[in-house]
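Reviewing the structure listed below.
Keep in mind it's a predicted model, so treat the numbers as computed, not measured. These numbers come from the heavy atoms of this one structure, side chains and all, not from hydrogens, waters or symmetry mates.
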Amino acid sequence: MGANLKITEKLQSYINDFGLKLNPIQQEIIDYNNTLGDIKRMQVDPSQCYFLHLIIKISNIKNVLEIGTFTGLSALSISLALPDDGKLIALDKNEKTNEVALKFFKKAKQDHKIKTIIKPALESLEDLKNNKFNMIFIDADKMNYKEYYEKSLQLIDKGGLIIIDNVLWHGEVADQKNLDKYTVNIREFNSHIANDKRVEQIIIPLGDGMTVCRVL
């Protein structure tokens, strides 16, 4: 029986070297985020950018909702993979980081595909209740993950994908002695999805962990 590799920083660099190459504007976003200090942790990992790109291409996805945008790296990764008539609605409540993201979208000539909505995501999800999406990417405040997931199930097409970031929470979810409220919340959220008969799901150890759900 094979065993999963331990992905060291050196091995991750090797994987990145032999994977897809980042668009220059994606790299600009990463470089910008590196100037922000600890808050840069809100950015997705480049390996997740590659994964989102390929899964959109493979699945012929055209209509995407993103919950949590930060400075736009994941949104731009999604948009670059979409066909020219594809659409992404990106939700975030931070007007300042949204302004930064919009500049990057325009510079990458992707702004025609992306619509941003600035307000608390739960309110935006209620406003979008009559819409349908092929894919939803969740990467916002962790304490509301279950609510985002449940509302996403109402907005997703049958056979569509719901992808959730940070589900391994720095590895803390596997430590049952860790009772930090965020760790407990993610652990309970993961159990909720694992027992949800409405989806097929897998946790992929990219970045901080991604759950990919296919809606039945």
Side-chain angles (χ1 to χ4, degrees), residues 1-61 64 66-83 86 88 90 101 104-105 107-108 110 114 134-140 142 145 160-175 178 182-183 186-187 189-190 193-194 199-214:
M1 179 178 176
N4 290 326
L5 283 171
K6 180 179 180 181
I7 306 299
T8 62
E9 185 175 341
K10 184 177 181 180
L11 186 54
Q12 186 63 60
S13 295
Y14 180 88
I15 292 168
N16 291 345
D17 287 343
F18 285 85
L20 288 171
K21 303 307 177 188
L22 292 173
N23 176 283
I25 310 305
Q26 288 175 298
Q27 187 60 55
E28 281 193 36
I29 297 175
I30 292 170
D31 293 341
Y32 172 80
N33 290 343
N34 284 336
T35 70
L36 300 179
D38 190 51
I39 197 174
K40 71 179 181 181
R41 70 186 187 280
M42 294 175 66
Q43 169 195 290
V44 295
D45 186 79
S47 63
Q48 295 173 300
C49 297
Y50 310 145
F51 175 78
L52 290 169
H53 180 99
L54 285 175
I55 204 164
I56 288 168
K57 294 281 191 179
I58 291 167
S59 305
N60 295 315
I61 285 166
V64 182
E66 178 181 73
I67 305 172
T69 298
F70 189 40
T71 56
L73 181 59
S74 56
L76 181 57
S77 301
I78 290 167
S79 181
L80 287 166
L82 289 171
L88 166 64
F104 285 125
F105 300 158
K107 190 171 184 180
Q110 294 295 307
I114 306 171
N134 311 133
M135 187 182 101
I136 298 176
F137 180 52
I138 302 174
D139 185 18
K142 312 313 168 192
Y145 260 23
L161 301 176
I162 300 175
I163 302 176
I164 308 105
D165 194 19
N166 302 113
V167 296
L168 295 181
W169 201 238
H170 323 297
E172 300 294 341
V173 289
D175 181 4
N178 189 322
Y182 294 101
T183 305
I186 293 291
R187 191 182 293 136
F189 174 71
N190 289 340
I193 293 184
V199 300
E200 300 171 319
Q201 78 291 330
I202 184 173
I203 293 177
I204 300 175
L206 290 175
D208 196 26
M210 303 175 84
T211 294
V212 180
C213 303
R214 177 179 176 271

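Atom-to-atom distance recorded for Leu73:CG and Met42:CE is 12.5 Å, nearest 0.5 angstrom. To the nearest 0.5 Å, atoms CH2 (Trp169) and CG (Asp175) are separated by 15.0 Å. Taking CD1 of Ile203 as the reference point, atom CG of Asn190 lies at 4.5 Å (rounded to 0.5 Å). Annotation: the span from Glu66 atom CD to Leu52 atom CG amounts to 8.5 Å, rounded to 0.5 Å. With rounding to the nearest 0.5 angstrom, the CG atom of Asp45 is 9.5 Å from the CE atom of Met210. Of the inter-residue distances, the one linking Ile56 atom CD1 with Leu88 atom CG reads 8.0 Å to the nearest 0.5 angstrom.
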Between Ile193 and Cys213, is a side chain to side chain contact (heavy atoms under 4.5 Å, CB included) present by the stated rule, with each step listed?
CA-CA 9 Å; Ile193 293 184; Cys213 303; 3.8 Å; yes
Please report the C-alpha distance between Asn33 and Ile30 in whole Å, then the side-chain angles of each, then the deciding distance to 0.1 Å, and finally whether the side chain to side chain contact (heavy atoms under 4.5 Å, CB included) criterion is met.
CA-CA 5 Å; Asn33 290 343; Ile30 292 170; 5.6 Å; no
Test side chain to side chain contact (heavy atoms under 4.5 Å, CB included) applied to Phe70 and Ile39, step by step
CA-CA 10 Å; Phe70 189 40; Ile39 197 174; 4.2 Å; yes
What's the verdict on side chain to side chain contact (heavy atoms under 4.5 Å, CB included) for Ile163 and Thr211, showing C-alpha distance, side-chain angles and the deciding distance?
CA-CA 6 Å; Ile163 302 176; Thr211 294; over 6 Å; no
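Partners of Asp38 under the salt bridge (charged side-chain N to carboxylate O under 4.0 Å, His left out) rule, at least two apart in sequence or in another chain, are Arg41. Taking the ring-ring contact (aromatic ring centres under 6.0 Å, His included) definition, one finds that Phe189 meets it with Tyr145, Tyr149, sequence neighbours left out. Annotation: salt bridge (charged side-chain N to carboxylate O under 4.0 Å, His left out) contacts of Lys40 (sequence neighbours excluded): none. Taking Glu200 as the reference, Arg214 meet the salt bridge (charged side-chain N to carboxylate O under 4.0 Å, His left out) condition, with sequence neighbours excluded. Under the side-chain hydrogen bond (donor to acceptor under 3.5 Å, both in side chains) criterion, Asn166 pairs with Lys142, Asp208, not counting sequence neighbours. Remark: Leu20 engages Tyr50, His53, Leu54 in a side-chain contact (heavy atoms from CB on, under 4.5 Å) (not counting sequence neighbours).
Heavy atoms only, all atoms of each residue included: Leu206 and Ser47 are closest at CD2-OG, 3.9 Å. In terms of heavy-atom proximity, Leu82 sits nearest to Val64 at CD2-CG2, 3.9 Å. Annotation for Ile25 and Phe104: closest pair CG2-O, 3.6 Å, computed over non-hydrogen atoms. The two residues Ser74 and Gly68 have their closest heavy-atom pair at OG-O, 4.5 Å.
Between the side chains of Gln43 and Thr71, not a single donor N or O lies within less than 3.5 Å of an accepting N or O. For the residue pair Gln12/Asn16, the side-chain donor-acceptor check at 3.5 Å is satisfied. Side-chain atoms of Ser77 and Gln26 form a donor-acceptor pair, as typed in the model, at a separation below 3.5 Å.
No salt bridge links Arg187 with Glu172; every basic N to acidic carboxylate O contact stays at or beyond 4.0 Å.
Checked by atom type and distance alone, the side chain of Thr35 pairs as donor or acceptor with a backbone atom of Tyr32 at under 3.5 Å. Judged by distance alone, the side chain of Ser13 and the main-chain N or O of Glu9 form a donor-acceptor pair under 3.5 Å. Looking at Gln27, its side chain never comes within 3.5 Å of a backbone N or O of Pro24 through a donor-acceptor pair. Thr8 places a side-chain N or O within 3.5 Å of a backbone atom of Leu11 that can act as its donor or acceptor partner. Looking at Ser79, its side chain never comes within 3.5 Å of a backbone N or O of Ala75 through a donor-acceptor pair.
Heavy-atom contacts from other residues, nucleotides or ligands closer than 6.0 Å to NZ of Lys10 number 12 or fewer.
Under the side chain to side chain contact (heavy atoms under 4.5 Å, CB included) test applied with Phe137, the options Ile67, Thr69, Asp165 reduce to a single match, Asp165. Of the candidates Val212, Ile162, Leu161, Leu161 is the only one forming a side chain to side chain contact (heavy atoms under 4.5 Å, CB included) with Met135.
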